[in-house]
Trainee: 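There's a structure below that I have some questions on.
Remember, predicted model here, so these are calculated numbers, not experimental data.
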Amino acid sequence: MQKNNITPEMEDQMVEQAYQNLLNGYLSSNHRKKVEVIDKAFRFARDAHKGIRRRSGEPYIMHPIAVATIVSQEIGLGSTSISAALLHDVVEDTDYTLEDIETQFGKKIARIVDGLTKISGGIFGDKASVQAENFRKLLLTMSEDVRVVLIKMADRLHNMRTLSSMPANKQYKIAGETLYIYAPLAHRLGLYAIKTELEDLSFKYNHPTEYQRIKEQVLASEESRNELFARFSAPIRERLDNMGLKYEFNTRVKSCFSIWNKMQSKRIPFEEVYDLYAARIVFECGDDESLAKRLCWNIYNEVTEVYTKHPDRVRDWLTTPKVNKYQALHVTVMGPDGNWVEVQIRSRKMDDIAERGFAAHWKYKIGEGEEEEELSKWLSTITDILKEPEPNAIDFLDTIKLNLFASEIVVFTPKGETMTLPKGASVLDLAFTLHTDLGTHCIAGKVNHKLKPLSYKMNSGDQVEILTSNTQTPKPEWEKFVVTAKGKTRLRAALRHQRRLVIEEGERRFMDFLSAHNIAFSNEVLSQAIGRQRVAGKEELFFMIGNDEITLNEDMVIKKEQGTRFNWWRRNPFKGKEEPKTTNQPTEAISTKAVYSLKTSDGVSNYQIADCCHPIPGDDVVGFLNDAGEVIVHKMDCPALARLKASYGSRLLETKWEDHSDRFLATIRIEGIDQKGILQTIVNIISTNMSINMKKMFVTADQGVFNCDLDVLISDASVVTNLCKEIKKVKGVNSASRVS
């Protein structure tokens, strides 16, 4: 049955039109015009996918065409990549094999299709170990041919653009893993435009109401913004015209996701996001890099002659480009309306690389397929992680993510060599980056000739010398201040090695204990020991024995007719604390495809509130089915949920709140000018005027400014919103907002 009564002839015409749009875009590019191989790939893919439809109802071939169009027109790749994009699902979804692709299209295209097939279906499956392994494959394929991951990025972008046809729980999963992994990966590859769109689309499906509201507010402020930019740019344009430059001078509005992020982090309304846009000057000067840099500084001088610059907000990415080769000169100046405006100054080549990242290098090289030296350098920094991935999939993804989305600093060794590290990197990070042995034996650092501890966070321009001692050994607490992916991986490997030695000692003691009591070792004996100690497995058991957390006594064996049993004694880790409570298993299986109603009956809820974000009725929430079959409710923007979306997407539940008589805990943060009686006024509003039960209040005052964290019990999010509005009316209160 055809969708919306579209005939087969109309569908064929639609497919041909989409393909012609792809070809027209390719023919207008700077690439060599190899139309024959693209046409052959299209005909082959169309035949292979004949009769197959997407969930939206359109012919499946429309997806490979769309991916190939993104590859060509938005990333800027050539015929080899376009052909591979057209063929990327053929081996996965049809009867054709990789050998068929190689016979028809050659080894180069076949190798790229093979790389895409290995990481097909998203980088995550249903099992954590598979998820980590697939992501590892994704990174490994980048070293073979960067085009594999660029085409994969285009595939994900088109899936996100067409996500509306998927059920809600699948939308959460795909949007979650996109925001958690694909957007940072696009950022690291320098694909700024794609990174921004992936973030916005993820935001759209995770927070549809907030997305729509911010989008409408941006549109509503467009006219006044354009008028302001016209006034701001006029005197600069006059000076640039006098320089005889060919240039473009326009604005780039912050993305909805970026605006929302700022509103959340600063706890401010939309009206107080003053840097809604940045101005960008892109000029033409050919490929002469030294001329481009000179012109950037000349334009900078002209801009700062007109407007006053912010002394701490000049960013020179010309002298030291970012790791993804981003180059530009940023200066923030005071605009005519009294707000700061960032001006980005770039040549055309710099702009191409800023928008398309590594892919833009093809435009400035002869032919296709040259190895990307810059990408290879970056990939070499995570070789350790790929060789020895974290056993836990989420830890592995977190470790990788550290290297994907970090701002960089540049520090110097005593010999003057430069080292690029993520912002916030410690002395210990540098030690592990230089060599594993330096990291494991590091005791301190000399930063600019002054002694600093391992945890000291370095700044750009610091000169750092690593101090070591042969008696130093790695400590678990080091993980708190190691931020680089390489540092975390090498530290964990060293700690695992230490742990392995303890496990071996524990196993030796266990075997000696059995031997001393004439007990033959068996899996049953081992299982009994593991069960009695309530540990995860034999490694944990042996580790606790080797670490003296479990003591084996001679009188611990009781012989019974049924067999041998052990009485064990161990130090109680819950001594002086409450034992953890067990929860009841649900009586019925929960379907992830149906909407799950969050309700309370006779004081018993069919869900649990996540401790990490404390959602309340009225919040955008999603359910997560844990190993015990319980539904844990998280706020949609909870950082912990972002990791779960990326790794356990199949366990997500679309949820809705039922009527509640319960009261939920919410924390409100109040800031303002300390005035006599202000606290009493606030308490009266809460307790008397609104009859809200207060659980806790923590107030600090310093030099005339006060901060108050207030815990209240409320029925839903609207009560919190109204309470914040009322508190803001109090004279002296600057802000009142809910915090997690």
Side-chain angles (χ1 to χ4, degrees), residues 207 209-210 213-214 217-218 220-221 224 228 254 258-276 308 310-313 332 334-342 609 611-620 635 637-639 662-740:
H207 300 279
T209 307
E210 285 95 333
R213 184 170 67 246
I214 290 173
Q217 287 173 310
V218 169
S221 63
S224 61
L228 183 62
K254 268 184 183 288
S258 182
I259 294 168
W260 179 77
N261 240 355
K262 185 149 194 173
M263 289 166 62
Q264 297 298 306
S265 61
K266 301 284 186 183
R267 301 200 304 278
I268 56 175
F270 176 86
E271 292 73 25
E272 291 180 26
V273 181
Y274 294 120
D275 57 342
L276 270 180
T308 304
H310 192 299
D312 299 324
R313 288 173 66 181
T332 300
M334 179 61 72
D337 64 338
N339 288 316
W340 295 107
V341 179
E342 183 183 69
I609 294 293
D611 292 333
C612 46
C613 56
H614 293 289
I616 58 179
D619 287 339
D620 283 341
K635 285 174 70 175
D637 56 353
C638 172
D662 289 358
R663 289 292 178 266
F664 296 82
L665 191 68
T667 300
I668 295 172
R669 182 160 296 159
I670 307 167
E671 297 173 351
I673 306 300
D674 193 11
Q675 296 180 354
K676 188 176 180 180
I678 192 169
L679 198 59
Q680 184 63 44
T681 305
I682 292 171
V683 170
N684 283 338
I685 289 172
I686 298 165
S687 298
T688 307
N689 297 5
M690 301 188 71
S691 301
I692 292 173
N693 186 8
M694 288 191 297
K695 291 290 289 181
K696 186 171 68 175
M697 178 182 275
F698 180 74
V699 183
T700 59
D702 183 31
Q703 297 181 359
V705 175
F706 84 92
N707 291 275
C708 172
D709 279 359
L710 177 71
D711 287 357
V712 291
L713 288 176
I714 45 81
S715 56
D716 60 54
S718 64
V719 177
V720 181
T721 304
N722 292 334
L723 177 57
C724 289
K725 283 181 181 176
E726 291 302 313
I727 292 174
K728 283 180 186 176
K729 293 176 183 177
V730 176
K731 185 179 180 182
V733 171
N734 184 49
S735 67
S737 58
R738 178 180 161 208
V739 294
S740 295

Trainee: Which pairs, with at least one residue in residues 722-734 and sequence neighbours excluded, count as a side chain to side chain donor-acceptor pair (under 3.5 Å)?
Mentor: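 Sorted pair list: E726-K729.
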Trainee: Please find the pair of heavy atoms, one from C613 and one from K635, that lie closest to each other, and give the distance.
Mentor: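 Looking at all heavy atoms of both residues, the closest pair is SG-N, 3.2 Å.
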Trainee: For P615 and F664, which heavy atoms make the closest approach, and how far apart are they?
Mentor: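 Taking P615 first and F664 second, the nearest heavy atoms are O-CD2, 4.3 Å.
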Trainee: Is there a donor-acceptor pair closer than 3.5 Å between any side-chain N or O of S221 and the backbone N or O of V218?
Mentor: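 Confirmed, S221 side chain pairs with V218 backbone.
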Trainee: Is the shortest side-chain heavy-atom distance between Q217 and I259 below 4.5 Å?
Mentor: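 No. Closest side-chain heavy atoms not under 4.5 Å.
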Trainee: Heavy atoms only: give me the nearest D674-A701 pair and the separation to one decimal.
Mentor: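 Reported closest heavy-atom pair: OD2-CB, 3.5 Å.
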Trainee: Under a 4.5 Å cut-off applied to non-hydrogen side-chain atoms, are T667 and R669 in contact?
Mentor: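 Not touching, per the 4.5 Å side-chain cut-off.
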Trainee: Atom NZ of K262 and atom NZ of K254: how far apart are they, to the nearest 0.5 Å?
Mentor: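 Going from the NZ atom of K262 to the NZ atom of K254 covers 5.0 Å.
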Trainee: What's the separation between atom OG in S735 and atom CD1 in I668, rounded to the nearest 0.5 Å?
Mentor: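 Separation between the atoms: 11.5 Å.
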Trainee: Carefully, step by step, assess R663 and N693 under the rule side-chain contact (heavy atoms from CB on, under 4.5 Å).
Mentor: CA-CA 9 Å; R663 289 292 178 266; N693 186 8; over 6 Å; no
Trainee: Between C638 and C612, what is the shortest heavy-atom contact and its length?
Mentor: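 Minimum heavy-atom separation between C638 and C612: SG-SG, 3.5 Å.
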Trainee: Can you tell me how far apart OG (S737) and CD (E671) are? Round to the nearest 0.5 Å.
Mentor: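 With rounding to 0.5 Å, OG (S737) is 7.0 Å from CD (E671).
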Trainee: I need the single residue from T721, I727, V720 that forms a side chain to side chain contact (heavy atoms under 4.5 Å, CB included) with L723. Which is it?
Mentor: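 Checked T721, I727, V720 against L723; only one passes side chain to side chain contact (heavy atoms under 4.5 Å, CB included): I727.
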Trainee: Roughly how far, to the nearest 0.5 Å, is the NE2 atom of H614 from the CG atom of L665?
Mentor: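 Reported value, rounded in 0.5 Å steps: 6.5 Å.
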Trainee: If you define the side chain from C-beta out and look only at heavy atoms, does anything of L276 sit under 4.5 Å from F270?
Mentor: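 Yes - at least one pair of side-chain heavy atoms lies under 4.5 Å apart.
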Trainee: Restricting to non-hydrogen atoms, name the atom on I682 and the atom on F706 that form the minimum distance, rounded to 0.1 Å.
Mentor: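 Heavy atoms only, the tightest pair is CD1-CZ, 4.2 Å.
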Trainee: Could you go through L679 and M697, starting from their C-alpha distance and side-chain angles, then the distance that decides it, and tell me whether this counts as side-chain contact (heavy atoms from CB on, under 4.5 Å)?
Mentor: CA-CA 11 Å; L679 198 59; M697 178 182 275; 3.9 Å; yes
Trainee: Less than 4.5 Å apart, side chain to side chain, heavy atoms only: is that true for I670 and V730?
Mentor: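 With C-beta onward as the side chain, the pair stays apart.
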Trainee: Is there a side-chain contact between W340 and M334, using heavy atoms and a 4.5 Å cut-off?
Mentor: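 They are in side-chain contact.
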Trainee: Locate the shortest heavy-atom distance separating V719 from M690; write the atom from each residue and the value.
Mentor: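 Of all heavy-atom pairs spanning V719 and M690, the closest is O-CE, 4.4 Å.
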Trainee: Check whether any side-chain heavy atom of D619 lies under 4.5 Å from a side-chain heavy atom of R738, and answer yes or no.
Mentor: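 SC-SC contact between D619 and R738 confirmed.
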Trainee: Consider side chain to side chain contact (heavy atoms under 4.5 Å, CB included). Of V712, L713, L710, which one does K695 pass it with?
Mentor: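 So, applying the side chain to side chain contact (heavy atoms under 4.5 Å, CB included) to K695 and each of V712, L713, L710, only L713 qualifies.
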